[in-house]
Q: 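Below is one structure. I have some questions about it.
Sequence positions, counted from 1, serve as the residue numbers for this chain.
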Amino acid sequence: MTEIYHNPRCTKSREALNLLQSRGLDVRVIKYLEEPPSEKQLRQIVKLLGIRPEQLVRKGEKLFKELGLADQTLTDKQWIATLAEHPKLIERPIVVHDGKAAIGRPIDQVVEILDG
């Protein structure tokens, strides 16, 4: 099963979903703004991506500035908690496939985990 953390309003997210569907994959679409991932799921995603939690944050998002996050130094645990509480800050799309994960920016990163 392939999973995509998807925002239907996002062009890159729609592009990634179209790619997965065009390959005939069985895709579980997780509309993460409606069905936010838990802290445990976020820790797993970050581990699969091989990044720090802060790297999953959309720093250009208006909410990021409103929460004053640019002026704070958070631990990995605090970033995970922040992302769980404010899923709008999660970078998108995220595709999880065969024990690997990729952020679909650019889409080539998704192709790599599908073909890898």
Side-chain angles (χ1 to χ4, degrees):
M1 169 75 61
T2 301
E3 296 178 330
I4 181 170
Y5 289 83
H6 179 61
N7 179 345
R9 297 182 63 201
C10 172
T11 303
K12 295 290 184 190
S13 196
R14 290 193 308 267
E15 183 181 350
L17 180 57
N18 287 339
L19 171 68
L20 299 174
Q21 291 172 333
S22 74
R23 295 216 176 179
L25 295 169
D26 185 14
V27 181
R28 178 174 174 234
V29 178
I30 303 162
K31 294 181 182 176
Y32 69 94
L33 294 176
E34 298 170 15
E35 184 184 339
S38 67
E39 289 186 27
K40 180 180 179 182
Q41 289 169 313
L42 285 165
R43 283 191 297 275
Q44 181 181 15
I45 290 166
V46 166
K47 184 177 180 182
L48 290 174
L49 288 167
I51 63 173
R52 305 282 308 267
E54 184 177 0
Q55 292 173 278
L56 194 57
V57 177
R58 293 176 54 85
K59 294 183 177 177
E61 195 66 48
K62 183 179 175 186
L63 180 60
F64 181 81
K65 293 172 185 64
E66 289 172 357
L67 294 173
L69 294 171
D71 304 324
Q72 298 181 41
T73 302
L74 302 181
T75 65
D76 287 353
K77 187 175 181 177
Q78 289 170 318
W79 278 119
I80 292 287
T82 299
L83 290 169
E85 185 177 348
H86 304 283
K88 190 173 187 177
L89 293 174
I90 298 172
E91 187 59 78
R92 62 181 184 255
I94 301 167
V95 174
V96 179
H97 176 78
D98 283 346
K100 300 177 205 161
I103 297 171
R105 291 176 180 269
I107 194 72
D108 295 346
Q109 294 182 128
V110 174
V111 172
E112 283 179 27
I113 69 166
L114 296 178
D115 293 345

Q: Looking at Arg92 and Arg105, what are the two nearest heavy atoms and their distance?
A: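 Closest approach of Arg92 to Arg105, heavy atoms only: O-NE, 2.7 Å.
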
Q: Using the rule given for salt bridge (charged side-chain N to carboxylate O under 4.0 Å, His left out), can you reason through Glu35 versus Arg28, listing the C-alpha separation, both sets of side-chain angles and the distance that settles it, and then say yes or no?
A: CA-CA 12 Å; Glu35 184 184 339; Arg28 178 174 174 234; 3.0 Å; yes

Q: Counting heavy atoms not belonging to Lys31, are there more than 12 under 6.0 Å from its NZ?
A: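 Check fails, neighbour count at 12 or below.
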
Q: To the nearest 0.5 angstrom, please state how far the NE2 atom of His86 sits from the CD atom of Glu66.
A: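 Atom-to-atom, His86:NE2 and Glu66:CD are 10.0 Å apart.
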
Q: Report the distance from atom CD of Gln55 to atom CH2 of Trp79, rounding to the nearest 0.5 Å.
A: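 Taking CD in Gln55 and CH2 in Trp79, the distance rounds to 11.5 Å.
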
Q: Looking at every non-hydrogen atom in both residues, tell me the closest pair between Met1 and Asp26 and how far apart they are.
A: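 Looks like CE-OD2, 3.3 Å.
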
Q: So, for Gly99 and Leu48, which heavy atoms are closest and what is the spacing to 0.1 Å?
A: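 Shortest heavy-atom separation between Gly99 and Leu48 comes out as O-CD2, 3.1 Å.
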
Q: Is any side-chain heavy atom of His97 less than 4.5 Å from a side-chain heavy atom of Leu114?
A: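 Yes, at least one pair of side-chain atoms sits under 4.5 Å.
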
Q: For the atom pair CZ (Arg43) and OG (Ser38), what is the distance rounded to the nearest 0.5 Å?
A: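 Here the rounded value is 7.5 Å.
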
Q: Considering only heavy atoms from C-beta outward, does the side chain of Ile30 approach that of Ile94 to under 4.5 Å?
A: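 No; the side chains remain at least 4.5 Å from each other.
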
Q: If every non-hydrogen atom of Pro36 is compared with every non-hydrogen atom of Ala84, which pair is closest and at what distance?
A: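 Closest heavy-atom pair between Pro36 and Ala84: CB-O, 4.3 Å.
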
Q: Is there a path of hydrophobic side-chain contacts, each under 4.5 Å between heavy atoms of I, L, V, M, F, W or Y residues, that connects Leu33 with Leu42?
A: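 Same hydrophobic cluster.
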
Q: Could you please spell out the steps behind the side-chain contact (heavy atoms from CB on, under 4.5 Å) verdict for Tyr32 and Ile90?
A: CA-CA 9 Å; Tyr32 69 94; Ile90 298 172; 4.1 Å; yes

Q: Please step through side-chain contact (heavy atoms from CB on, under 4.5 Å) for the pair Asp76 and Val46, ending with a clear verdict.
A: CA-CA 10 Å; Asp76 287 353; Val46 166; over 6 Å; no

Q: So His6 and Arg14, side-chain contact (heavy atoms from CB on, under 4.5 Å) or not? Walk me through it.
A: CA-CA 8 Å; His6 179 61; Arg14 290 193 308 267; 4.2 Å; yes

Q: For a quick test of reading the model, state the closest non-hydrogen atom pair linking Val96 to Ala101 and the distance between them.
A: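 So the minimum-distance heavy-atom pair works out to CG2-CB, 4.1 Å.
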
Q: Assigning hydrophobic clusters by single linkage (Ile, Leu, Val, Met, Phe, Trp, Tyr; side-chain heavy-atom cutoff under 4.5 Å), is Leu56 placed with Ile113?
A: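 Unlinked, Leu56 and Ile113 end up in two clusters.
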
Q: To the nearest 0.5 angstrom, please state how far the NZ atom of Lys12 sits from the CG atom of Asn7.
A: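 Nearest 0.5 Å value for the NZ-CG distance: 14.0 Å.
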
Q: Do Val110 and Leu20 have side-chain heavy atoms sitting under 4.5 Å apart?
A: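 The answer is yes; the side chains approach within 4.5 Å.
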
Q: Can you name the nearest heavy-atom pair linking Gln78 to Thr75, along with the distance?
A: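 Between these two residues, the closest heavy atoms are OE1-N, 2.8 Å.
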
Q: Given the rule in the side-chain contact (heavy atoms from CB on, under 4.5 Å) test, do Glu61 and Leu69 qualify, once you have shown the distances and angles that lead to the verdict?
A: CA-CA 11 Å; Glu61 195 66 48; Leu69 294 171; over 6 Å; no

Q: Between CG of Leu25 and CG of Leu19, what distance do you get to the nearest 0.5 Å?
A: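 One finds 8.0 Å between CG of Leu25 and CG of Leu19.
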
Q: Are Val95 and Ile103 connected into the same hydrophobic cluster when the rule is that any two of I, L, V, M, F, W, Y join if their side-chain heavy atoms are below 4.5 Å apart?
A: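 Per the 4.5 Å side-chain linkage, Ile103 and Val95 are not co-clustered.
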
Q: Is the number of heavy atoms from other residues, nucleotides or ligands under 6.0 Å of Arg52 CZ greater than 12?
A: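 At most 12 heavy atoms, drawn from other residues, nucleotides or ligands, come within 6.0 Å of this atom.
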
Q: CD of Gln44: more than 12 outside heavy atoms within 6.0 angstrom?
A: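 At most 12 heavy atoms, drawn from other residues, nucleotides or ligands, come within 6.0 Å of this atom.
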
Q: Tell me whether Leu49 is reachable from Val111 by hopping between hydrophobic residues (I, L, V, M, F, W, Y) whose side-chain heavy atoms are closer than 4.5 Å.
A: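 No.
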
Q: Could Glu54 and Lys59 be called an ion pair, given the rule that one side-chain N must be under 4.0 Å from one carboxylate O?
A: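 Looking at Glu54 and Lys59, the cut-off is met.
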
Q: If you group Ile, Leu, Val, Met, Phe, Trp and Tyr by side-chain heavy-atom gaps below 4.5 Å, do Ile45 and Ile4 land in one group?
A: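 In one cluster: no.
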
